[in-house]
Structure formats: C-alpha cells, structure tokens
Amino acid sequence: MIELIQTGDVLHLRNAHVSYAIYLLEGGIPMHLYFGARVDSINPNAVLRHYDLPTDGHFSMQGCSLDHTPQEYPSYGMGDLREGAFTVRRFDGTRSADLRVVKVEVVEGKPALPGLPATFGDNARTLLLHMQDALLGLHAVLSYTMFEDVAGVIRSVSFQNESDQPLVLERAYSLSLELPDSRWDLITLSGAWSREREMIRRPLTMGEMRVSSLKGATSLHNSNMLFLARPETTEAQGEAIGAALVYSGNFTAAVHVDSHRTSRMMLGINDVDFSWTLAPGEAFHTPEAVTVYSRTGLDGMSAQFHTICREHLVRGQYAHAPRPILLNNWEATYFNFNEEKLLKIAETAAKVGVELFVLDDGWFGHRDDDHTSLGDWFVDKRKLPDGLTHLADGIHSLGLKFGLWFEPEMISPKSELYAAHPDWCIHIDGRERIEGRNQLILDLSREDVQDFMYHAVADILASNPIDYVKWDMNRNFSNVGSALLPPERQKELPHRYMLGLYAVLEKLVQRFPNVLFESCSSGGGRFDLGMLYYMPQTWCSDNTDALCRCRIQYSTSLVFPPFAMGSHVSAVPNHQTGRITPISTRGNVAMSGCFGYELDLNSLSEDDLNAVREQITRVKALRTTLLYGDFHRLLSPYEGNDTAWMTVSRDKREAVVMYTRAQALSFTYAPLLTLRGLDETLSYRIEETGETYSGAELMQLGLAFPLPWGDAASVSFTLHAVE
Ligand code: GLA
C-alpha cells in the first residue's frame with residue numbers, strides 16, 4: 001500500500017519499504033525532511049532543529065535562511081548560495097526564481113512523461129507539488145512516484161510558462177536530494193572504451209564531486225548514476241542510496257558537500273550545452289530520475305534497481321521472455337564476408353544449438369572498412385548478391401532467427417546520403433567537420449532527418465524477415481550546431497537530438513513488436529535506463545575478455561539485471577587484450593547475461609566445440625533463472641583476485657553460482673563462498689558434485705569446492721531445491 005499522510009505541514013509519502021517526507025515552510029517553500037527506511041510517523045522538529053542556525057538577515061526568507069535549508073528543488077538566485085537545481089532567465093535577462101507550493105495533489109498510478117522514456121506500472125501513487133513563481137509566471141510541478149514493490153521514489157519536474165513573455169530554462173535538473181550529513185562514500189561508474197563502468201569508491205569531502213557527459217550520449221566514460229554508501233556499508237549490509245537518470249544524453253551527476261557537511265545530490269541534463277526557450281503556454285519535462293534506498297548494502301540497493309528494470313521499465317514481448325542465444329559475426333569476419341561464409345558459420349551455430357544469427361557491420365553501401373557508407377542503407381550486392389531476404393531465408397532454413405546491425409544515427413562523409421544532404425549532420429558552418437571513426441552524426445533535432453532515419457530502418461525491417469536489430473552509435477558530439485535551429489535555440493540541440501531519437505525508437509518498437517532490439521554504443525557507451533525502455537538488452541562492452549568482463553558485468557549489475565546485459569563468448573587470444581582464457585571461464589562469465597558467441601565456431605577445436613554445445617544446453621535449461629532471477633554479487637574483482645556472483649530463481653528453488661579466479665595462486669585454501677538469497681529452510685542439491693546442503697548452511701558456512709588449475713580458472717554450480 002502507498003499512502004500520502006498529510007499532518008499539518010508535513011507530507012509523508014510511504015510504501016511498505018520507504019518513507020519520503022517534505023515539510024512545507026511558511027510561504028510554501030518545500031523543505032526536504034527525510035528519505036529512508038519506512039517510519040510510522042514524522043515529527044519535523046528533529047530535522048528543523050538540526051538545521052536551526054542563526055539566520056543571516058540578508059538571506060532570510062520567511063524566517064529561515066535558504067542557504068541552511070534542505071530543499072526539494074532549490075533555485076538559483078533567492079538566497080541559497082549553493083548550486084541550485086534549476087535556473088530560469090526572463091525577458092529582462094535576469095535569473096532568479098522563487099517557486100512556492102500552491103497545490104498538493106495525489107494521483108493514482110503514474111502520469112505519462114511525454115516524449116521521454118519513463119517507468120510505468122499500476123501499483124503506483126504519485127504526489128504532485130504544484131508550484132508557482134508569480135513574478136515569472138512560471139508554473140512547475142514536482143512529481144514523486146512510489147511503486148508498491150520498490151524501496152524508492154521516481155522524480156521528475158515539469159515547467160509551464162504561464163506568462164506572456166518567453167522564459168528560458170538554463171538548467172533543469174531532474175533531481176535534487178539533500179541529506180543531513182556527509183558521512184558517505186560516493187560510488188560512480190567511470191571508464192573508457194573496452195573498460196566501461198569501473199567501480200570507483202571514495203569518501204565524500206567538502207566541495208563538489210561530479211561525473212558528467214557532454215558527448216551526446218551517456219558515454220563510455222561516465223554513467224548517469226550515483227551511489228552513496230556509508231563507509232561501513234558492504235555488499236551485504238549497511239545503508240546505501242542510489243540515483244539513476246532515465247535518459248541517454250548529456251548529463252550531470254553531482255554531490256555538493258557544504259560548509260556544514262550536509263550533502264546535496266543532483267542529477268539531470270548537463271547544462272553546459274543546454275537551454276530551453278519556453279514560449280508563452282509551452283511546457284518542458286525533465287527526464288525522470290530513479291532514487292532507491294537500501295539498509296541491506298549495495299546488494300539490496302541493486303535489488304531495487306533490478307525491480308525497476310524488470311517490472312517498470314522494460315517493455316515488449318521479450319521483456320520477460322527467454323532471450324535467444326545468438327552468434328554475431330563481427331569478430332568472426334569483421335567486414336570481410338559473403339553469403340557463403342556467413343552461412344557456413346551459421347550452419348555450425350545451428351548444429352550446436354545457437355538460436356539467432358546476427359550479421360554485424362559491413363552489409364550495406366560499399367562498406368569494406370569504417371570509412372564509408374553510413375546512411376546508405378541498401379544492401380551491398382558485392383557481398384550479398386541475392387539480397388538480404390535471400391540470406392535471411394537461408395539462415396531461417398537452418399532453424400535460426402536472423403538479426404541485423406544498424407548504425408542509423410550516423411552519416412559517413414563518403415556516402416550517397418552525404419552527397420545529397422551535406423547539411424543533415426550536426427555541424428557548425430565555417431568549422432571543419434571533425435570526424436570520429438570517420439563519421440558524422442545526423443541532426444535528429446530535424447524532423448526530415450528523423451523521418452529519413454525511421455524509414456531507413458523500418459523499410460528494411462518491413463521488407464525482410466528480420467527478428468533482431470543491433471542498434472549501434474559509435475561517436476560522440478562535436479561542433480554542436482544545427483542548420484535549422486535559430487541562434488537562440490542552438491543550445492537545445494543535444495536534448496532535441498534525444499527527443500528525436502526517442503520518437504523514432506518509439507515508432508519502431510511499436511511497429512515491429514516482434515523484433516528484439518539490442519542497444520550498443522561502441523560497446524557499452526549508452527548503458528542507461530533510458531535505452532532500456534526501448535531495447536530490452538544492451539551490449540556491455542566490445543571487450544569480451546572473460547577477466548575484463550568480470551569487472552564490467554560486476555559493476556554494471558549495480559543497476560542493471562542480467563537480462564539487460566549482452567554478454568558473449570569470443571575467440572582466444574582475445575581480440576581486445578590478447579589474453580587466453582579457458583572456454584569454460586568465458587562461458588561461465590557470459591552466461592550471467594544475454595548469452596551468445598562472437599566468433600567463428602568453425603575455428604574451434606572439437607573439444608571446445610563440445611564445450612560450446614554443453615554451455616548452450618545448460619543456458620537453455622537455466623535461462624529463466626539466469627536472466628530473471630535475483631542477482632547477488634558475492635566477491636568483487638575490484639577488491640581482489642576473485643569474482644563471484646549468483647542468481648536465484650524468484651521461487652528460490654534454483655540457483656546458479658559463478659566463481660572466477662584471475663591469477664593462479666599456489667598453496668592456498670579452496671574458496672569458501674557464503675551464498676545469498678537462498679531459502680534457509682530448503683535443502684539444495686548441487687548438480688555438479690551431487691552433494692546436498694541446507695540453504696542455511698550454504699549461506700552461513702559457505703560452499704566449498706576445489707578450483708581448477710591455471711590463470712582465469714572458473715567454476716559454476718547449479719543448485720536445485722530438493723524435498
Ligand atoms: C561497434 C560495436 C561492435 C561492432 C562494431 C562494428 O564498435 O560496439 O560490437 O558492432 O561497432 O563496426
């Protein structure tokens with residue numbers, strides 16, 4: 001049950017897991033009181049006393065200094081000297097805003113968020129704080145949704161210009177969350193191509209800590225999410241708060257610790273290249289931000305995010321269905337293929353049980369390398385003389401589904417499209433058009449370009465039997481300018497790009513409900529909750545080295561469940577690191593996600609091919625548990641030589657445990673893994689050893705096993721509940 005309890009000036013929103021409380025100061029400024037474990041009642045006095053400093057006359061409003069007041073949505077320019085969550089410029093060029101609550105509304109369910117990806121679900125209630133700045137003529141609505149099954153709140157803000165002059169939003173974050181202390185560690189996910197989402201943990205200190213992207217996409221380099229953990233918090237216990245943006249473009253994620261050691265966490269669209277002109281009567285909606293709370297460590301925090309992903313964000317027929325085991329030809333052939341070569345790979349794939357064959361880059365235009373043809377989405381008859389349908393039919397006749405790679409947001413300067421429409425790319429007149437991977441980005445703020453992109457993909461999907469699309473995006477923004485936007489709206493381009501992309505994606509997923517879409521951006525450069533709304537899985541990283549993948553998948557799981565992560569077995573020596581790892585290790589690691597292969601199976605030894613056959617049989621048997629079970633991280637590759645994680649089926653009757661040791665060590669004890677998430681009253685039979693232990697034993701004493709020899713040694717166990 002979700003309740004809004006209004007007692008005096010306190011608004012207390014709660015479900016069975018968490019409470020969120022707001023205090024309406026005299027005059028209607030909403031002060032933040034509390035976000036944490038559910039409490040029965042809230043007396044605001046404790047928090048009010050905590051912040052009760054002698055006020056400085058200059059910055060006193062209604063008897064309190066905003067500079068010392070935790071606020072729900074702090075503004076710039078009204079006496080709070082910290083960074084605010086939004087800034088509005090009015091016709092005279094001045095910038096200050098003074099929003100006051102004028103109405104409190106509670107609605108059942110969750111209102112839609114026009115044009116943006118958003119969480120959904122019936123078991124929800126939403127608190128809407130309507131606010132008004134009379135001088136500006138600005139109406140804003142702060143939205144707080146609670147779902148029954150999530151220990152968290154979904155926040156967003158919408159603005160409406162009710163004046164007769166334009167207003168310009170120069171900053172409009174989705175979330176500001178103030179905490180009464182700073183005794184937290186901040187965890188962020190940062191990295192680079194092929195080493196995405198490294199987990200970085202450091203104590204909060206006075207000042208500001210920020211990760212951001214101005215790359216036009218969430219990026220390989222920083223993720224649009226923040227996690228706070230008490231210094232003593234571990235995977236299994238302690239307090240943690242997580243926030244993640246449901247968005248895929250430029251972002252800022254920051255925590256400011258002020259001179260009184262309170263913390264302000266902010267998340268939203270990066271304002272370095274953002275502004276939005278609201279003509280009279282117009283509205284603007286921020287993307288939404290998910291905030292979750294846990295008293296059971298990072299593991300408990302991730303469980304909340306995973307529920308959001310599984311129950312409230314992923315859509316379509318694959319949302320809760322087994323994902324096909326795929327083979328992608330990229331590392332098998334790169335650009336060098338023809339129909340015969342592809343069918344040979346597919347034949348072996350079909351024989352060992354693969355279910356989907358994916359043709360990656362290089363099938364269109366004249367694309368023999370990455371210098372040409374993006375935008376020319378017609379089949380390259382040199383490689384596929386009989387066309388795509390012929391190839392797809394050939395693949396289907398082997399009993400496999402057929403998938404295709406696109407990079408629809410891009411344009412190669414060497415392309416027919418560019419020759420015809422040189423102004424369709426993002427560019428600035430007079431500036432050199434800086435290329436990234438020899439390509440430019442289409443200007444998706446333009447409706448004609450959106451239409452082109454929609455048809456480029458839709459026409460191929462409509463005229464060929466295609467079951468899966470890998471949607472790639474391989475370069476970042478530069479020279480950010482649009483040929484059509486007027487000067488005062490150029491800073492709208494990055495967000496308009498996202499709105500254009502989302503509009504096209506929405507049309508495509510609605511028109512092709514049977515196609516499975518996988519998002520990719522040079523690997524995991526757009527791993528965010530926004531893309532998950534359109535595409536139920538995302539390629540984790542171009543790095544498929546099993547040890548690197550331990551790190552990448554471990555940290556990705558902080559927010560994303562296994563069903564969101566594309567993870568494949570590739571050839572050795574690995575194409576990104578040169579490392580040789582056993583096929584068993586590659587299989588065990590890749591199994592904890594949307595499983596597949598990224599190699600030519602014909603190049604494997606008979607032994608390895610048999611191993612592949614066994615892996616596929618096992619994944620098919622365990623797929624529901626592996627993809628949709630409850631995921632627990634057990635040992636962190638960021639803390640030592642070992643990685644371990646496990647998934648437990650929702651009914652707790654089946655579990656799969658994965659353990660990998662990076663470097664071989666001699667004369668060490670066998671690992672003893674204390675498991676999590678099992679039913680302590682049940683007994684479990686371990687398929688691989690034949691032994692039976694109680695859930696309590698496995699979670700308290702641990703699971704012991706001898707480890708195979710060598711570097712990158714891995715084991716995986718299947719547990720079945722026995723009567
Ligand atoms: C990106 C993707 C790869 C592959 C190549 C093709 O790098 O991440 O998986 O599709 O593009 O060019």
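None of the values given here were measured: they were computed from a predicted structure.
At least one side-chain heavy atom of Leu189 sits under 4.5 Å from a side-chain heavy atom of Leu558. Residues Ser263 and Val257 form a side-chain contact, since some pair of their non-hydrogen atoms from C-beta on lies under 4.5 Å apart. At least one side-chain heavy atom of Tyr144 sits less than 4.5 Å from a side-chain heavy atom of Leu13.
Relative ring orientation between His260 and His68 is described as perpendicular, the plane-to-plane angle rising above 60° on a 0-90° scale split at 30° and 60°. Note on ring orientation: taking the six-membered ring where Trp is involved, the planes of His495 and Phe274 are perpendicular (angle over 60°, cut-offs 30° and 60°).
Taking the six-membered ring for Trp and the full ring otherwise, the centers of Phe86 and Tyr173 sit at least 6.0 Å from each other. Annotation: Phe305 is not in aromatic contact with Phe560 [ring centroid separation under 6.0 Å not met].
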Inset, instruction - Start with the C-alpha distance between Ser248 and Asp528, add both sets of side-chain angles, then the distance that settles side-chain hydrogen bond (donor to acceptor under 3.5 Å, both in side chains), and finish with yes or no. - result: CA-CA 6 Å; Ser248 320; Asp528 55 65; 2.9 Å; yes
Legend entry - From CA spacing to verdict: ring pair (Phe, Tyr, Trp, His ring centres under 6.0 Å), His312, Phe147: CA-CA 9 Å; His312 302 293; Phe147 292 108; 3.8 Å; yes
Inset, instruction - Walk me through it: do Ser19 and His12 pass the test side-chain hydrogen bond (donor to acceptor under 3.5 Å, both in side chains)? - result: CA-CA 7 Å; Ser19 286; His12 178 183; 2.8 Å; yes
Legend entry - Tyr293/Glu239 under side-chain hydrogen bond (donor to acceptor under 3.5 Å, both in side chains): CA gap, chis, key distance, verdict: CA-CA 8 Å; Tyr293 174 81; Glu239 261 194 315; 2.6 Å; yes
Inset, instruction - For the pair Asp133 and Arg90, evaluate salt bridge (charged side-chain N to carboxylate O under 4.0 Å, His left out) and give the outcome as yes or no after the intermediate values. - result: CA-CA 12 Å; Asp133 180 324; Arg90 70 171 186 157; over 6 Å; no
Inset, instruction - Take Tyr20 and Tyr34 through the ring pair (Phe, Tyr, Trp, His ring centres under 6.0 Å) test and state the conclusion after the steps. - result: CA-CA 5 Å; Tyr20 193 102; Tyr34 176 71; 8.6 Å; no
Inset, instruction - List the steps and the verdict of side-chain hydrogen bond (donor to acceptor under 3.5 Å, both in side chains) for Asn222 and Ser190. - result: CA-CA 4 Å; Asn222 287 306; Ser190 299; 2.6 Å; yes
Legend entry - Full working for salt bridge (charged side-chain N to carboxylate O under 4.0 Å, His left out) between Asp185 and Arg201: CA-CA 6 Å; Asp185 286 348; Arg201 181 169 180 163; 2.9 Å; yes
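Taking both residues in full, the closest heavy atoms of Val104 and Gln6 are given as CG1-OE1, 4.4 Å, listed atom of the first, atom of the second, then distance. For the residue pair Glu196 and Leu220, the shortest heavy atom distance occurs at OE2-CD2, 3.3 Å. When all heavy atoms of Ile241 and Trp184 are compared, the closest pair comes out as CD1-CH2, 3.9 Å. Shown here for Pro287 and Tyr247, the closest heavy-atom pair between the two residues is CG-CD1, 3.5 Å. Of all the heavy atoms in Gly109 and Thr126, the pair that sits closest is O-OG1, 2.6 Å. A pairwise comparison of heavy atoms in His17 and Glu148 identifies NE2-O, 3.2 Å as the closest pair.
By the 6.0 Å contact criterion, CG on Asp122 is open, its count of non-hydrogen atoms from other residues, nucleotides or ligands being 12 or less. Atom CD of Glu506 has more than 12 heavy atoms from other residues, nucleotides or ligands within 6.0 Å. No more than 12 heavy atoms of other residues, nucleotides or ligands sit less than 6.0 Å from atom CZ of Arg261. Atom CZ of Arg295 has 12 or fewer heavy atoms from other residues, nucleotides or ligands within 6.0 Å. Within a 6.0 Å radius of CD in Glu232, other residues, nucleotides and ligands contribute more than 12 heavy atoms. Within 6.0 Å of atom OH in Tyr76, 12 or fewer heavy atoms from other residues, nucleotides or ligands are found, so the atom counts as exposed in its surroundings.
Side-chain atoms of Arg489 come within 3.5 Å of backbone N or O of Thr277 as a donor-acceptor pair. One N or O on the side chain of Thr307 and one on the backbone of Ala303 form a donor-acceptor pair closer than 3.5 Å. Here the side chain of Ser294 pairs a donor or acceptor atom with the backbone of Thr296 at under 3.5 angstrom. A donor-acceptor distance shorter than 3.5 angstrom exists from the side chain of Arg38 to the backbone of Asn15, with no hydrogens or angles considered. Listed for the Asn250 side chain is a donor-acceptor partner under 3.5 Å among the backbone atoms of Gly216. Proximity of a side-chain donor or acceptor of Thr291 to a complementary backbone N or O of Val153 within less than 3.5 Å is detected. Looking at Gln160, its side chain never comes within 3.5 Å of a backbone N or O of Ala140 through a donor-acceptor pair. Of the possible polar contacts, one joining the Arg633 side chain to the Ser557 backbone as a donor-acceptor pair under 3.5 Å is found.
Only one option out of Lys652, Arg650, Arg676 pairs with Asp630 in a salt bridge (Lys or Arg N to Asp or Glu O under 4.0 Å); it is Arg650. Between Glu178 and the choices Arg264, His256, His32, the side chain to side chain donor-acceptor pair (under 3.5 Å) rule is met once, by Arg264. Partner Leu529 forms a side-chain contact (heavy atoms from CB on, under 4.5 Å) with one of Val314, Val559, Asn224 and no other, that one being Val559. For the side-chain contact (heavy atoms from CB on, under 4.5 Å) with Met31, the qualifying choice from Asp9, Val47, Val10 is Val47, the only one to do so.
Taken from NE2 in His306 to NE2 in His632, the straight-line distance is 10.0 Å, to the nearest 0.5 Å. To the nearest 0.5 Å, the span separating CG on Leu678 from OG on Ser694 amounts to 9.5 Å. Between atom CD1 of residue Ile5 and atom CD1 of residue Ile42 there is a gap of 8.5 Å, rounded to the nearest 0.5 Å. Atoms OH and OG, from Tyr628 and Ser649 in turn, are 15.0 Å apart once rounded to the nearest 0.5 Å. Distance check: Met131 CE to Leu99 CG gives 5.0 Å after rounding to the nearest 0.5 Å. Interatomic distance, OG of Ser174 versus NE2 of His285, reported as 12.5 Å (0.5 Å rounding).
Side chain to side chain, Gln700 and Glu680 fail the donor-acceptor criterion of an N or O pair below 3.5 Å. Between the side chains of Arg155 and Ser143, not a single donor N or O lies within less than 3.5 Å of an accepting N or O. Checking Glu288 against Thr119 by side-chain atom types alone, a donor-acceptor pair falls below 3.5 Å. In the model, Thr262 has no side-chain atom that pairs as donor or acceptor with a side-chain atom of Tyr51 under 3.5 Å. A side-chain N or O of Thr94 and one of Asp92 form a donor-acceptor pair less than 3.5 Å apart.
Both tests pass for Arg315 against the ring of Tyr534: distance under 6.0 Å to the centre and angle within 45° of the axis.
With respect to the salt-bridge test (charged N to carboxylate O, under 4.0 angstrom), the residues Asp149 and Arg310 do not qualify.
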